[in-house]
Q: 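Shown below is the structure under consideration.
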Amino acid sequence: MDERVAELRSEGVNCGQVVCFRNTQDLGFLLTYFALHMMGAVALPLESDISDDKMHEIAKRYESFVPPCDVADILFTTGTTGQSKGVMVSHTTILANGENLIAAHGFTADHVFIINGPLNHIGSLSKIYPVMMQGGTLYLLESMKDLNAFFAALDYPCKKVATFMVPTSARILLQLAKKRLGSYANKIDFIETGAAPMPHADMLALCELLPHSRLFNTYASTETGIISTYNFNDGRCLSGCLGKAMKHSSFHITDSGQVACQGKTLMVGYAAEMERTREVLRDGVLYTADNGFIDEEGMLHLTGRNDDVINVGGFKISPTEVEDVALSHPNIKDCICIGVISPITGHALKLLYVSHDGEEINKRDIARFINAKLERHKVPLLYERVEEVKRTFNGKLDRKGYHE
């Protein structure tokens with residue numbers, strides 16, 4: 001580590017400087033990342049395939065920016081519903097996130113944790129902290145695209161493994177390698193999911209396949225840090241539940257139904273964007289775009305996002321609720337529910353779906369299937385089979401890509 005610090009200093013890196021570098025998803029990345037922290041610089045990790053021009057543009061943007069004291073990282077959000085923002089994360093937040101995960105998920109020195117997502121975003125990067133703090137073992141993969149590489153990681157000689165994966169990756173495993181995944185039921189200590197809602201049908205399938213594993217659904221974002229978690233393999237498998245607040249965090253619901261978070265894991269703010277910061281962070285409270293409620297056990301449940309709500313004939317509909325039901329249809333592999341213009345109601349719901357066999361599904365059959373589980377106004381009017389549904393690199397539905 002000292003050698004990497006010396007190299008960075010010889011390259012002209014100074015304390016307080018914002019340093020852009022590519023995520024190489026390997027030990028070299030980790031050495032650079034922690035070396036920058038050690039020397040008091042600010043790490044700004046970017047996608048591995050970012051163009052030189054784009055990287056230069058970002059570096060220029062922050063060339064004269066002086067981050068507040070204690071800022072360790074600037075992490076870009078995915079920008080699925082708007083422009084990507086540079087989130088300032090402090091050293092205090094990094095430690096709090098690590099301690100939250102250690103206390104809630106039980107990280108130990110015996111764990112081999114498989115990283116299979118990009119280290120320039122909080123989903124996977126945040127798992128580095130508890131592993132390092134507890135003296136565990138990291139196993140780095142490029143992604144989940146190579147399932148054989150993932151199962152090779154599960155074969156690593158150790159007593160227990162754990163991993164984080166987005167719901168899309170879990171769905172792919174259930175569809176393409178269900179029996180093979182089940183053969184590791186006694187070795188997988190826990191799997192954490194997050195970044196997007198997980199279909200309830202997939203939650204139930206994982207519980208059945210991995211009866212002895214802890215299966216966590218976690219509420220987190222770049223802005224809030226790691227807030228809460230719920231082990232849905234608790235015999236109840238509550239859909240949409242994200243559990244109780246972790247040790248350094250708390251949440252409450254505003255009068256308008258919005259999830260608001262407090263605690264040591266919150267961001268410092270958006271880099272060089274104080275106005276945008278004040279829109280969401282005021283008096284130590286981070287106001288999210290998520291809607292939800294807290295049950296009698298003190299557990300958080302999400303009901304959708306303000307950004308995603310579709311107004312149809314005066315009814316405000318969360319598309320995730322429609323998608324969750326549609327994904328339980330035996331022949332629907334993937335889907336997204338969007339709003340389209342209607343000459344009658346002004347807006348209507350349309351379901352874009354990918355079928356398992358690549359064939360059209362009778363739209364009346366899909367409508368009847370959804371109508372049996374949801375109110376009539378939540379049943380889409382239009383249906384279209386597509387080859388694939390647009391998603392971001394980390395498996396979130398790219399709703400911005402369907403805006404009209």
Side-chain angles (χ1 to χ4, degrees), residues 97-108 110-114 123 126-127 130 134 136 154 159-171 173-174 178 181-221 224-253 259 261 263 265 290-304 318 320-321 323-325 327-328 373 395:
N97 279 332
E99 290 178 357
N100 271 1
L101 288 166
I102 290 169
H105 293 171
F107 280 80
T108 70
D110 295 331
H111 277 105
V112 171
F113 196 92
I114 302 168
S126 63
K127 307 310 175 292
Q134 293 295 86
L154 290 180
K159 291 183 178 179
K160 53 186 179 180
V161 296
T163 191
F164 168 84
M165 63 178 67
V166 296
T168 304
S169 295
R171 189 168 183 81
L173 283 170
L174 288 169
K178 185 174 182 179
L181 180 64
S183 68
Y184 294 90
N186 293 320
K187 190 175 183 179
I188 297 174
D189 183 36
F190 70 85
I191 294 176
E192 182 192 17
T193 63
M198 172 171 270
H200 194 231
D202 291 352
M203 293 170 67
L204 292 168
L206 276 178
C207 291
E208 182 179 358
L209 192 65
L210 304 172
H212 311 301
S213 303
R214 293 173 297 144
L215 303 171
F216 293 108
N217 197 9
T218 297
Y219 185 57
S221 71
T224 64
I226 317 299
I227 296 294
S228 67
T229 196
Y230 165 62
N231 175 17
F232 58 85
N233 202 3
D234 66 348
R236 297 180 293 176
C237 195
L238 302 175
S239 179
C241 182
L242 292 151
K244 297 181 180 180
M246 297 180 179
K247 64 180 291 186
H248 292 304
S249 305
S250 64
F251 51 73
H252 66 273
I253 307 300
V259 179
C261 302
T265 66
D290 296 313
N291 297 317
F293 66 91
I294 300 171
D295 67 19
E296 62 278 2
E297 296 179 52
M299 296 199 293
L300 177 65
H301 296 250
L302 293 189
T303 57
S318 170
T320 57
E321 186 178 9
E323 291 153 2
D324 192 26
V325 170
L327 285 170
S328 66
K373 301 185 179 187

Q: Are side-chain heavy atoms of L302 and P197 found at a separation under 4.5 Å?
A: no

Q: When rounded to the nearest 0.5 angstrom, what is the spacing between CD1 in I102 and CG in N97?
A: 11.0 Å

Q: For D234, give me all partners under side-chain hydrogen bond (donor to acceptor under 3.5 Å, both in side chains), at least two apart in sequence or on another chain.
A: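 With neighbours one apart ignored, the set is Y230, R236.
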
Q: Do the charged groups of R214 and D189 touch, with an N to O distance under 4.0 Å?
A: yes

Q: Distance check, rounded to the nearest 0.5 Å: M203 atom CE versus L174 atom CG?
A: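 Nearest 0.5 Å value for the CE-CG distance: 12.0 Å.
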
Q: Report the residue from T229, I226, V259 that forms a side chain to side chain contact (heavy atoms under 4.5 Å, CB included) with Y219.
A: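 It is V259; the other options fail the test.
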
Q: Could you tell me whether the side chain of T265 reaches within less than 4.5 Å of the side chain of T224, counting heavy atoms only?
A: no

Q: Search all heavy atoms of F113 against all heavy atoms of T163 and return the closest pair with its distance.
A: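 In terms of heavy atoms, the two residues are closest at CZ-C, 3.5 Å.
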
Q: Does any part of the side chain of T193, heavy atoms only, come nearer than 4.5 Å to the side chain of D202, both counted from C-beta?
A: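 No. Closest side-chain heavy atoms not under 4.5 Å.
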
Q: Can you classify the ring geometry of F190 versus H111 as parallel (below 30°), tilted (30 to 60°) or perpendicular (above 60°)?
A: perpendicular

Q: Rounded to the nearest 0.5 Å, what separation is found between the OG atom of S250 and the CD1 atom of I227?
A: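 Output value for this atom pair is 7.5 Å.
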
Q: I'd like to check K160 versus T108 (side-chain heavy atoms, cut-off strictly below 4.5 Å). Are they in contact?
A: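 Sidechains of T108 and K160: in contact.
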
Q: Might you point out which heavy atoms bring P167 and G194 nearest each other, and give the distance in Å?
A: CD-O, 3.2 Å

Q: Determine yes or no for a side-chain-to-main-chain donor-acceptor pair under 3.5 angstrom, with S249 supplying the side chain and G263 the backbone.
A: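 Absent.
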
Q: Could you tell me the separation between the NZ atom of K373 and the OG atom of S328, rounded to the nearest 0.5 Å?
A: 3.5 Å

Q: Looking only at non-hydrogen atoms, find the nearest pair between L206 and A170 and report the distance.
A: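 Here L206 and A170 meet closest at CD1-CB, 4.3 Å.
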
Q: Using the side-chain hydrogen bond (donor to acceptor under 3.5 Å, both in side chains) criterion, which residues pair with H200? Sequence neighbours excluded.
A: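 H200 satisfies side-chain hydrogen bond (donor to acceptor under 3.5 Å, both in side chains) with no residue once adjacent residues are dropped.
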
Q: If only atom types and distance count, is the side chain of K187 paired as donor or acceptor with the main-chain N or O of L154 below 3.5 Å?
A: yes

Q: From H105 NE2 over to I191 CD1, what is the distance, rounded to the nearest 0.5 angstrom?
A: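 Reported to 0.5 Å precision, the distance equals 12.0 Å.
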
Q: If we ignore angles and hydrogens, is there a donor and acceptor under 3.5 Å between the side chains of S213 and N233?
A: no

Q: Show the nearest heavy-atom pair for residues M198 and D324, with the distance to one decimal.
A: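 Answer, listing the atom of M198 first, then D324: O-OD1, 4.3 Å.
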
Q: With distance as the sole criterion, is a donor-acceptor pair present between the side chains of T218 and E192 under 3.5 Å?
A: yes

Q: Provide the closest heavy-atom pair for A185 versus L209 in the form atom of the first, atom of the second, distance.
A: CB-O, 3.9 Å

Q: State the CD1-CG distance between I294 and L300, to the nearest 0.5 angstrom.
A: 6.5 Å

Q: Over all heavy atoms of both residues, which pair between C241 and H301 is shortest? Give the atoms and the distance, please.
A: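 Answer, listing the atom of C241 first, then H301: CB-CE1, 3.6 Å.
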
